[in-house]
Number of protein chains: 2
Amino acid sequence: MAKDLSTEEKIKQAAKKIFMQKGLAGARMQDIADEAEINKAMLHYYFRSKQQLFDLIFEEKIVQLFSTLGGLFLDASPLDEKIKLFVEKQSDMIADFPSLPLFVLNELWQNPTLAEEKLKDKPLHLIREKFRSAYDEALTDEAREQLPFEQFLLNMMSLIIYPFMARPIFKSMIEVDDHQFDQILSERKQQVTKLLLQSIKLDS
Amino acid sequence: MAKDLSTEEKIKQAAKKIFMQKGLAGARMQDIADEAEINKAMLHYYFRSKQQLFDLIFEEKIVQLFSTLGGLFLDASPLDEKIKLFVEKQSDMIADFPSLPLFVLNELWQNPTLAEEKLKDKPLHLIREKFRSAYDEALTDEAREQLPFEQFLLNMMSLIIYPFMARPIFKSMIEVDDHQFDQILSERKQQVTKLLLQSIKLDS
DNA sequence: ATTCGCATTAACCAATTGGTTAAACCGTAT
DNA sequence: ATACGGTTTAACCAATTGGTTAATGCGAAT
C-alpha cells in the first residue's frame, strides 16, 4: 500500500484485497488494517463494523461482476457479434480479478437470501430479456427448441467463468504451470466463442 | 443426527456437513459438536485438532470429486460412450453434493500448495493420459488441431460443474425457483453431452 | 494564541473460540 | 465387589477477535 490515497480509500482497497482472498469469515480486521497500514480503530471509525465494510465491498463486486452484461445488449448489433464481445469482455474482466467469482459465489451460498436482496434492484432481468429476444430472433424455431435460451446462458457463463475458478485443479490435472495455463486461458476466448456459435448453428 | 452410529462416525458426518457448509474458517467446533449431538471435548478426543479433522474430511472429499473419472476410462468403450457416461455420472454425483466443488475450490485457493500435495499421489495423470489417448485416437488430425484436448477437458468440466455452483446467481438471472432450476439441471445432461460430441464432430 | 472539529492512536474490553483437564461414567474381566 | 479401560462430561483456560474509549494530534477558522 503506502500510496497517497485518503484513509477511507486505503481501507477500501485493503478490504477488497483481504476479503476477496479470505472471505468474510476468514478475514481479520487486523489483516485489513495492516494491509492499509493504518490503526485498526480507523476501520471502525470509517465503517462501523466488519459486516458493514464487507457489505459495501460485496455490493461493489457483485455490480462489477454483472457490469459486462450491461452495455452489451442494448445496441442493435447481430447476435453473433454480441456473443463474441461478451466472451471477450467477460474473460478479460475475470482475468483481472480471478478470485471474484469464487468470492461472490461463496458468500451467496453462505447466505442464500443475499442473492435476491443484492440483485433485485439491478436491471438484470431487463438485460436478460434484451438478450433473450436477440437470441429468439436470431435462431430458427428448430434451433431454439433444440437449445433453449436458459441452457445456452448456462453454457456461456460456465465456459467462460469456471476455468478461472478451477485453476488449482486444472493445473494438477493437465500438469502445467501458471504461465502455460494463462496461455491456454487466453486461447480459450476464441475457442469458447466458436463453440457457442456452433451450438446455435451460427458459425462464421 | 440422533442415529445409532459410533461417536467417531457421528463426528465425521457432522464435520462433513458443517465444513462443507461454512468452510474451514467459518466452521465452529461447537457447531460440529451440536450437529453430532455430543460434547465438544469429544471432537478433540477422537481427532486431535480442528485442522486434523478438517484435513481428514477434505482428503476424503477430494478423492470423491475425482472418483468418477477413475473407473470410466479403463475399459475399451468408444469415446462418445465414455463422454456420455462421464457427463451423467459426474452430474449425478454433484447433484447429490452440490456444495462439494465450491468447498474444494475454496480451500484450494486458500492454500495453493495444498492442490499438489493432495493430488500428487492420486493416479490422476494416469487417467488423464488414458483419456487423452482415447481422445486422440477418435479424432481426425484436423479436428484435434481445431480443439486441443486441454480445451475439450476444460469445456467438459465447466459445462458440468459450474451450473451447480452458480445456482444462486442463475436463479436470480433467469428467475426460477429451486424446483424449476433442478429441472433445467437434469435436462442439461443430454444437452451437455450433445454439445460436447458436436464440438468434436461425433454427433450420434 | 486559542479554540474547534475531524483524524489518529494506544490501551482496553467483552465475547468467542480452539483446546485442556480432572473427574465421573460404565461395561467387563477378575 | 472391585479394579480396570476406554468413553463422556462440565468446567476451565489462554489466545484471538471485533469493537470501544479516552486521550492526543493537528490544521483551519476565530
Side-chain angles (χ1 to χ4, degrees), chain A residues 1-61 103 106-111 113-114 118, chain B residues 1-61 99 103 106-107 109-111 114:
Chain A
M1 193 67 36
K3 314 215 187 83
D4 53 351
L5 298 166
S6 73
T7 304
E8 192 174 339
E9 193 54 34
K10 279 201 283 189
I11 293 176
K12 279 170 73 174
Q13 302 266 12
K16 269 179 222 171
K17 180 169 172 183
I18 302 295
F19 277 136
M20 302 261 293
Q21 205 171 288
K22 313 204 174 187
L24 171 58
R28 296 289 95 101
M29 292 299 264
Q30 190 61 57
D31 294 343
I32 298 175
D34 290 349
E35 176 69 28
E37 293 175 319
I38 47 129
N39 188 290
K40 178 167 75 78
M42 303 290 325
L43 299 179
H44 296 92
Y45 178 77
Y46 282 96
F47 310 88
R48 221 194 300 277
S49 67
K50 184 185 186 185
Q51 190 63 48
Q52 269 193 41
L53 179 54
F54 177 82
D55 287 346
L56 188 87
I57 304 300
F58 186 76
E59 170 80 17
E60 193 183 309
K61 286 299 164 189
F103 166 74
N106 220 36
E107 305 301 337
L108 284 181
W109 273 98
Q110 224 58 214
N111 189 344
T113 59
L114 208 89
K118 293 288 174 189
Chain B
M1 194 64 38
K3 315 216 187 80
D4 53 349
L5 298 166
S6 72
T7 303
E8 191 173 339
E9 193 54 34
K10 279 201 283 188
I11 293 176
K12 279 171 72 174
Q13 302 266 12
K16 270 178 221 170
K17 180 170 172 183
I18 301 296
F19 276 136
M20 302 262 291
Q21 206 171 287
K22 313 203 174 189
L24 171 58
R28 298 288 95 101
M29 292 299 264
Q30 190 61 57
D31 294 343
I32 298 175
D34 291 347
E35 175 71 28
E37 293 175 318
I38 48 128
N39 187 291
K40 179 168 74 78
M42 306 272 12
L43 299 179
H44 296 92
Y45 178 77
Y46 283 95
F47 310 88
R48 219 193 300 277
S49 67
K50 185 186 186 185
Q51 190 63 49
Q52 270 193 43
L53 180 53
F54 178 82
D55 287 347
L56 189 87
I57 304 300
F58 186 77
E59 170 80 18
E60 194 182 309
K61 286 299 163 187
S99 56
F103 166 75
N106 220 35
E107 304 301 336
W109 274 99
Q110 224 59 215
N111 190 345
L114 208 90

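Below, chains carry the letters A, B, ... as their sequence lines are ordered, and counting in each starts from 1.
Residue B:Ala27 is in sugar-phosphate contact alone, with no base atom involved, counting any heavy-atom pair closer than 4.0 Å across all strands shown.
The distance between atom CG of B:Leu5 and atom P of D:dT7, rounded to the nearest whole Å, is 16 Å. The nearest whole Å value for the distance from the CG atom in B:Leu43 to the P atom in C:dG19 is 10 Å. As rounded to whole Å, 13 Å separates atom C1' of C:dA14 from atom NE2 of A:His44. One atom, CE of B:Met29, and another, P of D:dC12, lie 21 Å apart when rounded to the nearest Å. Between the CD1 atom of B:Ile38 and the P atom of C:dC25 there is a distance of 19 Å, given to the nearest Å. Remark: C1' of C:dG19 and CD1 of B:Ile32 are 14 Å apart, rounded to the nearest angstrom. Look at CD on A:Glu8: it is 15 Å from P on C:dC6, rounded to the nearest Å. A:Lys40 has its NZ atom 10 Å from the C1' atom of D:dT16, to the nearest Å.
With C:dG18, D:dT8, C:dA7 as the candidates, the nucleotide lying closest to the side chain of A:Tyr45 is C:dA7. With D:dG18, C:dT9, C:dC6 as the choices, the nucleotide that has an atom nearest any side-chain atom of A:Asn39 turns out to be C:dT9. Listed candidates were D:dT17, D:dT8, C:dA7. Nearest to the side chain of A:Arg28 is D:dT17. Nearest to the side-chain atoms of A:Ala41 among the listed nucleotides C:dT9, C:dT8, C:dG19 stands C:dT9. For B:Met42, whose side chain is taken as the heavy atoms from C-beta onward, the closest listed nucleotide among D:dG19, D:dT7, C:dG18 is D:dT7.
To the nearest 0.5 Å, the span separating CG on B:Leu53 from NE2 on B:His44 amounts to 9.0 Å.
For an aromatic pair to be called close, the ring centres must be under 6.0 Å apart, and A:Phe19 with A:Phe54 satisfies this.
Nearest-nucleotide positions on DNA chain C for B:Gln51 and A:Thr7 put A:Thr7 closer to the 5' end.
Side-chain N/O atoms of B:Lys50 and base N/O atoms of C:dG19 include no donor-acceptor pair closer than 3.5 Å.
For the OP1/OP2 pair of D:dT8 and a distance below 4.0 Å, the side-chain nitrogens and oxygens of B:Tyr46 include at least one atom meeting the criterion.
B:Lys50 places a side-chain N or O within 3.5 Å of a backbone atom of B:Leu24 that can act as its donor or acceptor partner.
Side-chain contact between A:Tyr46 and A:Lys12: absent, with no pair of heavy atoms (C-beta onward) separated by less than 4.5 Å.
The two residues B:Ala25 and A:Gly26 make their nearest non-hydrogen contact at CB-CA, 3.7 Å.
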